[in-house]
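In what follows, every chain begins at residue 1, and chains take the letters A, B, ... in the order their sequences are listed. Everything numeric in this text was worked out from a predicted model, so none of it was measured.
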Number of protein chains: 4
Amino acid sequence: MSLKVTIIGGGSSYTPEIIEGFMNRYPSFPVTEIVLVDIEKGHNKLKIVTSLAKRMIQKSGLPIKLSYTLDRRKALENADFVATQIRVGGLDAREKDERISLSHGVIGQETNGAGGIFKALRTIPVMLDIAQDIHEICPNAWMINFTNPAGIVTEALLKYSPHKKVIGVCNIPFNMKNSVAEMMDCNVNDVEIEFIGMNHFVFGRSVYIQGEDRTAAVLEKMLQQNVDYSPANIVSIGWSETFIHALKMLPNPYHQYYFQKEETLEKDLTAFKENGTRSEVVKQVEMDLFEKYKDENLDVKPEELEKRGGAYYSDAACNLMDSIHNNKGDVQTVNTMNNGAIPDLPTNSVIEVNAVITKDGPKAIASGHLPLNIKGITIQMKAFEELVIEAAISGDYLKAYEAMVMNPLVQNEKKAKILLDELLEAHKDYLPQFQK
Amino acid sequence: MSLKVTIIGGGSSYTPEIIEGFMNRYPSFPVTEIVLVDIEKGHNKLKIVTSLAKRMIQKSGLPIKLSYTLDRRKALENADFVATQIRVGGLDAREKDERISLSHGVIGQETNGAGGIFKALRTIPVMLDIAQDIHEICPNAWMINFTNPAGIVTEALLKYSPHKKVIGVCNIPFNMKNSVAEMMDCNVNDVEIEFIGMNHFVFGRSVYIQGEDRTAAVLEKMLQQNVDYSPANIVSIGWSETFIHALKMLPNPYHQYYFQKEETLEKDLTAFKENGTRSEVVKQVEMDLFEKYKDENLDVKPEELEKRGGAYYSDAACNLMDSIHNNKGDVQTVNTMNNGAIPDLPTNSVIEVNAVITKDGPKAIASGHLPLNIKGITIQMKAFEELVIEAAISGDYLKAYEAMVMNPLVQNEKKAKILLDELLEAHKDYLPQFQK
Amino acid sequence: MSLKVTIIGGGSSYTPEIIEGFMNRYPSFPVTEIVLVDIEKGHNKLKIVTSLAKRMIQKSGLPIKLSYTLDRRKALENADFVATQIRVGGLDAREKDERISLSHGVIGQETNGAGGIFKALRTIPVMLDIAQDIHEICPNAWMINFTNPAGIVTEALLKYSPHKKVIGVCNIPFNMKNSVAEMMDCNVNDVEIEFIGMNHFVFGRSVYIQGEDRTAAVLEKMLQQNVDYSPANIVSIGWSETFIHALKMLPNPYHQYYFQKEETLEKDLTAFKENGTRSEVVKQVEMDLFEKYKDENLDVKPEELEKRGGAYYSDAACNLMDSIHNNKGDVQTVNTMNNGAIPDLPTNSVIEVNAVITKDGPKAIASGHLPLNIKGITIQMKAFEELVIEAAISGDYLKAYEAMVMNPLVQNEKKAKILLDELLEAHKDYLPQFQK
Amino acid sequence: MSLKVTIIGGGSSYTPEIIEGFMNRYPSFPVTEIVLVDIEKGHNKLKIVTSLAKRMIQKSGLPIKLSYTLDRRKALENADFVATQIRVGGLDAREKDERISLSHGVIGQETNGAGGIFKALRTIPVMLDIAQDIHEICPNAWMINFTNPAGIVTEALLKYSPHKKVIGVCNIPFNMKNSVAEMMDCNVNDVEIEFIGMNHFVFGRSVYIQGEDRTAAVLEKMLQQNVDYSPANIVSIGWSETFIHALKMLPNPYHQYYFQKEETLEKDLTAFKENGTRSEVVKQVEMDLFEKYKDENLDVKPEELEKRGGAYYSDAACNLMDSIHNNKGDVQTVNTMNNGAIPDLPTNSVIEVNAVITKDGPKAIASGHLPLNIKGITIQMKAFEELVIEAAISGDYLKAYEAMVMNPLVQNEKKAKILLDELLEAHKDYLPQFQK
Ligand SMILES: [Mn+2]
Ligand SMILES: [Mn+2]
Ligand SMILES: [Mn+2]
Ligand SMILES: [Mn+2]
């Protein structure tokens, strides 16, 4: 029986990780064919990555056919799963997001604030195109989206695409479980966290070790050890005891942008002055990686890859595909339709949530009402996400402005316009919907 | 490590079934101690059942200690699980419910209509007492309730008892899965049904076989074969094609009371004239069973037990305890807190729902909005349930009347009063809250 | 300044009443032009009514221009208000609704149960056509709809018509206030009732006399005097003390169909055997009225008109137009968008509610949650109304069946089909949407 | 017939305004007795104000009895209305709020941000005491609250006091209508604004002139004329065209704190350096006013009073009392129970809303869902308000911290603690609930 996975944005430096993921899961998830797809601009990288991937597979001796192509529609034929890991405009666009934001004294992170808004505006139309192709060519395929802002993109697809088999993934929930396992000196498989909220704005409401609720103990450990479960791309500042005691939940690394805004901005500005934008750092990391990948003797995923922020992304994605394929019915944390799981958020919105994974996709587990201490900010963030999606779909200037001015990292009526205008100009090639 | 189960209402004729359930699951759920509790009135039956249970265990050679007592508080000491299968007022009370209802031309089923209301009014205060004892004596124990009306009782406990570790179970979901397996000629473990609604008012919205959505095929099969997945206590009338096509879901056997009211009433009246009430039939079945149980050579569950409506009840209960004990994280259908899983019903109400079962109890899987075709009637039934609970707690005559007149099987302002007054008088010994 | 009112269904026997209403309100609502419109089938009646109306106006000496036409689009030119009082299929259709329902032992009232469903199915498409004409020809005109089922029709228009200036009116709220005034021996203008619910399913939650809450006193008076505030078309049975004490609100006359179903059915069957359907009675009343109208000496509204059920309809409509025209900001009871006024019902549904009336239309006054005792049945009725509207719009057989089987006056899966099929056949000329 | 008003905080410099308000409305609202109450600390001011008020009444020749007392419970006997205009801790406390906030670079406004939180924490317990007295002594009296934060205080009372006849008032809605009248060169009585939101966070969604929707025109006028409808205590910065075009509603003056945070902070810091806190400015204004009040020849409200931010407060209050007394049924903008009027906010929360005013109090007019562009921030502000109320009632340090860190003007986990600790210490005499 054939089992085909198409990877859109296959020329990414992350690809060796997901290839490794498939090889590791071969006994339960026996991929027969992998096609890496990218756009012309990434042709060279795509070839390099393809070669490495082929060497990795060859070494393993597994009967997996791997190829690459620039023809997306061709690549989708008979696909069972489609993984999307694109970056519209590449790292250059990210650099503009960061640089322009910081130049106006605003946090320039790629998935939050002004940067996140523009990443969404650039990405959503392209993702809708991809989903449309899937809908036409391989309508039974599940689309597993890693592309950020993953939650917003998934909601846009579930609202505006005819293709409904879409799931968003992020590595943060996995990172958090891993860190808890370290803190509590236990196996990560014994850790369960009840997540509540949205992608990059999710809280760990309860932590269970072997089924026992150990939330309070974990919070204390975190404070004592000043544990940092941030991914490589975010430098943690450390939370105060009072904040954690009042929150009574695990924050996620991105929460620093919201509750340590001034400190984070200062830290990012300092880093910017010293090393340029995060994007520029990543460009260098990527260049080094591709140099390594070219080495014809390399036939494993190089260790350096883990240094990037995306570790475990491919684990999240591969586990998901495995459970869908095998109708496992296990619980994983994904971005999927709310359906009432958080009754304070729109039923048709996308949340990051523990869900039972079957062949029919994820089913969110209900959490009940948001705790009052995060109710306001969580609902505000979701309303902001809705505004971004409306702006991305409509190409309406005022809607984009609404999203910008209502984002808690901007929320200034004059600065919102300055940022909006400068970013719209900078990214105009990737924002056709705003050129009408 | 000790693992103790206390069974309240242990003198029930069903007890051999649950004992068998524990024995079958011993490898994963190694019960060390079972205590059967009952009230003075059931002393004799309790002794008979205890003897049979001891013989069953002895035959198995398993190291399970079994005893009986009339001292409930003593029996609760160190319990890990408490199963409740009581019948306040016994079959005599049920007979009154049925007889009085039918005498006024109203359906007299024990968990629906006027009968269901009075069963709830009698049962809720006693269950609150039991839960209070558990809260004081073994606060970490899970209370697994089979006592009908199981959904209403569970909601009353979750709202008004300090003991929150309460789960309600019913065999109907299991029956429905079994019937689907028969229809589709497959293994019951390959069948998943998405249930939506409340206990005895639940619909099977989607049916999956090995993860594939086969709802439409199952509905057609059901119509062709005129399949009856009713428990023994309900004689099915058969659904029309149009009803099933419009419903697009599996009804449950109790739905005949609501959508075939006239036919069901006639059928019940005929049966009543021929054989007396269902209660009287059951009394005879019970008497026969206890005659069998007395046989000192009997050391297995007698086949005749399956003839009653409660088959699989103990399976539902044992599977639940097993998953909690082992933090399995599998999906079972239980009566638990809504928490938004059906956003159209109160967040703090109890629904019958697929839930992930862990050591921390069940977590409902979110379904999204009710389909419009069952939205109205489902919400009405839930509001009715709330009225019954308020009446049971307050002992307020007018609240009991509200529940009666708003029940879709009564819904007549004059008949409601006649039924209410006659039933209040008939059951006054078991309704102390109304004697104030 | 011109002020034009177009009356669609102008050939109705009720027209003299609304003409009188305009004449009485001339000082504040100076109508300059009235056009009566009807279809060819009603041509003769239209001419008779027009002549009488002209004589009435002439007698008053008011400068109101009145004419009639069969050309609806012409009649709508420059209209400021459009009153709709049509009856699709006429009294013949009503007779079929009543006769077929009763022949199957089901209540056959024209706005409730099976009859109400079919009146809605016939009426909604025609009303959408009228609203479309208004939208094109006189988009600033307010459409004041008397056509039953008034609430369902208004909701259908607000959901599916581009013309949003639509308000539904009924005389029941006015009747109820009048009856309270009689009971309490006070001026009707001193009576305020807080209405909660939907058209023909509305409750009077609080009754104020000169601003004082006198609800309890009014309920006692009603019980003592056995007061009947039913319109002429409904014979009251009288409510029991317990029902009223438990309800704690004023029921409306139509509630007998739901809470005295068996008695009402029997009464209607008896009346049917003695006098034929209500429709046949009304036909005779109408014929007598038109005989009177033909009398060239008649130049006032004849007293006999009040005998029909529609008394005060025109008062409700004229008061509404007056307040809109004069931006009065007073409170009237109308059928309009919920907008949260009853948070338990969909925000975009239509309720019968006290609303502030300005030039911008009615704004519903918020009531908070439905009392628990009517919460279930009210939500069920609203869900039923949604089903009817979906059926009327789509012409989908199964949707029509869903509406029928989920109506509390039918709610039998087999009878629903029999009624549906027989009524679909009987009315097929007026149900083009089902002939696809 | 007697009509008694008790004014708590009667020693306020604003009192002459409300006295004038009563005199002006005497024909429809014939007050027979006014009692001014204050605490010992305000004894001297109370005497001065009482003398002036007596001279004002004497001049008018109206038969109004006026007196003062320090005995609150005595003053409440037979009261029909109780106006509350207290300031717990006086201007000294306000100065601390402002000074401490600004010293940490945070906006120090008295009803927003850290200052608003502490004003709420100080005020709510005192207001609950007053409401308790009213409940015991004059349970039929309406409590009209001007004390800020008026919305939060009203919600706290409606949630936690047995006295439910409480309404909050603010002059901002009146100011906004006045400014619109100026802009549009029309009579203020011809202006209606649909308000949506909460006290000091309300938006003017639609503006009607003589019933016509003129919102767009008013917004353009506002931009052209750069109109400032701020009260005297807030210096407007002016809104950008883009903000107003995207908002599509009238902002209120306090919105500058949220959408022009940086500019407002800078402006406030500059003003602080030049003139000290706003509180100190007000202290001087008050001292000057009381000097004037002492003048035995003064028998009218001095013009200087209008310079303060509270103009029209007394108009709002007097109009409200007048309408309640006379069961007018007119529409006024008040702080009252939501009840679904804004379905996105809790049904039992308090909003600032147009309401129909009768003897039975205000009934909010339903608005439907919040526009998406303000949905997030409005819900967040309401959740923040709930946190403040919970903190004020419980005296729980962590709850107070939650309110502080989740306020959009603070929202920094470390700064929140610094502010909280410093303010708790500074105000400890007025925060007994936190001294447990
Ligand atoms: Mn991520
Ligand atoms: Mn059951
Ligand atoms: Mn009507
Ligand atoms: Mn104010």
Side-chain angles (χ1 to χ4, degrees), chain A residues 140 142 158 164-165 189-196 205-215 323-334 336-351 353-370, chain B residues 140 142 158 164-165 189-196 205-215 323-334 336-351 353-370:
Chain A
N140 291 319
W142 280 96
L158 287 179
K164 299 300 179 199
K165 300 177 96 170
N189 296 321
D190 288 341
V191 178
E192 285 302 324
I193 302 180
E194 186 197 349
F195 290 100
I196 186 159
R205 183 158 69 170
S206 300
V207 185
Y208 302 94
I209 316 277
Q210 292 186 323
E212 303 286 347
D213 189 331
R214 301 293 303 279
T215 315
S323 287
I324 291 172
H325 180 70
N326 292 299
N327 192 35
K328 275 197 185 167
D330 60 340
V331 174
Q332 298 186 25
T333 310
V334 294
T336 191
M337 192 72 95
N338 178 16
N339 268 338
I342 300 179
D344 312 286
L345 299 180
T347 311
N348 72 337
S349 66
V350 163
I351 58 173
V353 65
N354 289 345
V356 177
I357 311 298
T358 68
K359 201 163 255 184
D360 195 47
K363 315 278 187 199
I365 297 174
S367 311
H369 288 295
L370 288 165
Chain B
N140 291 320
W142 279 96
L158 287 180
K164 300 299 180 199
K165 301 177 96 172
N189 297 320
D190 287 342
V191 178
E192 285 302 323
I193 303 181
E194 186 196 350
F195 290 100
I196 186 161
R205 184 160 67 169
S206 300
V207 185
Y208 302 94
I209 315 278
Q210 290 186 323
E212 304 286 347
D213 189 332
R214 301 293 304 280
T215 315
S323 286
I324 291 172
H325 180 69
N326 292 298
N327 192 37
K328 275 196 185 167
D330 60 341
V331 174
Q332 298 187 25
T333 309
V334 295
T336 190
M337 191 72 96
N338 177 17
N339 268 338
I342 300 180
D344 312 285
L345 300 180
T347 312
N348 72 336
S349 65
V350 163
I351 58 173
V353 64
N354 289 346
V356 177
I357 312 297
T358 68
K359 200 162 256 184
D360 196 47
K363 317 277 185 200
I365 297 174
S367 312
H369 288 296
L370 288 164

Counting a contact as any heavy-atom pair under 4.5 Å apart, which residues of residues 361-369 of chain B contact chain A? B:Lys363, B:Ala364, B:Ile365, B:Ala366, B:Ser367, B:Gly368, B:His369
Straight-line distance of [X] [atom1] to [Y] [atom2], nearest 0.5 Å:
X	Y	atom1	atom2	result
A:Asn327	B:Ile209	CG	CD1	11.0 Å
B:Thr347	A:Asp344	OG1	CG	7.5 Å
B:Glu194	A:Thr358	CD	OG1	10.0 Å
B:Asp213	A:Lys359	CG	NZ	12.5 Å

Between A:Glu192 and chain B, which part of the residue has a heavy atom less than 4.5 Å away: side chain, backbone, both or neither? neither
Turns out that what part of A:Asn338 lies under 4.5 Å from chain B's heavy atoms comes down to backbone
Using a cut-off of 6.0 Å, state whether more than 12 heavy atoms not belonging to B:Arg214 lie near its atom CZ. no
Before giving the answer on side-chain contact (heavy atoms from CB on, under 4.5 Å), spell out for B:Asp360 and A:Tyr208 the whole-Å C-alpha distance, their side-chain angles and the decisive distance to 0.1 Å. CA-CA 9 Å; B:Asp360 196 47; A:Tyr208 302 94; 2.6 Å; yes
Please rank A:Gly211, A:Pro343, A:Ser206 by heavy-atom pairs under 4.5 Å with chain B and give me the top one. A:Gly211
